[in-house]
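Each residue takes its place number in the sequence, starting with 1.
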Amino acid sequence: MEEQNKKTEDIHLTKGFTGWVHHHRRLAKWLMKILVTGIASILYYLRKEQKHIEEEEKKS
């Protein structure tokens with residue numbers, strides 16, 4: 001019985017962090033959305049800059 005409970009238990013990193021996430025579920029969702037959006041924006045910017053650098057190298 002204990003093995004089934006451990007398998008279905010929802011754990012995020014540590015028990016303390018899991019408690020915080022479950023208590024502040026809305027805030028945690030918004031923070032994850034902001035984090036993912038920020039990472040996607042940075043990756044888009046870096047790809048755009050890489051293409052710009054490659055075009056300038058071809059011109060030289």
Side-chain angles (χ1 to χ4, degrees):
M1 188 79 157
E2 272 186 46
E3 291 177 22
Q4 287 178 343
N5 288 342
K6 286 183 180 180
K7 288 181 183 177
T8 59
E9 214 173 283
D10 190 19
I11 297 177
H12 307 280
L13 299 177
T14 65
K15 287 185 178 183
F17 189 67
T18 301
W20 184 90
V21 168
H22 286 216
H23 187 71
H24 299 83
R25 190 169 298 276
R26 281 189 187 157
L27 178 61
K29 284 182 182 180
W30 276 103
L31 288 175
M32 285 304 296
K33 287 179 183 180
I34 291 169
L35 178 68
V36 169
T37 303
I39 290 172
S41 298
I42 290 171
L43 290 175
Y44 175 77
Y45 172 77
L46 291 174
R47 286 183 187 158
K48 189 175 174 183
E49 285 299 311
Q50 183 180 9
K51 288 180 182 178
H52 181 71
I53 291 171
E54 288 173 358
E55 287 176 7
E56 288 203 6
E57 287 177 351
K58 287 180 183 177
K59 288 180 182 178
S60 296

Connected via hydrophobic side-chain network under 4.5 Å: Y45 and I42: yes
Connected via hydrophobic side-chain network under 4.5 Å: F17 and L27: yes
Straight-line distance of H52 NE2 to E57 CD, nearest 0.5 Å: 11.0 Å
Verify the cluster assignment for W20 and I11: are they in a single hydrophobic cluster under the rule of side-chain heavy atoms below 4.5 Å apart? no
Using 0.5 Å steps for rounding, measure from the CG atom of L43 to the CZ atom of R47. 6.0 Å
Transitive ILVMFWY side-chain link I39 to M32, under 4.5 Å: yes
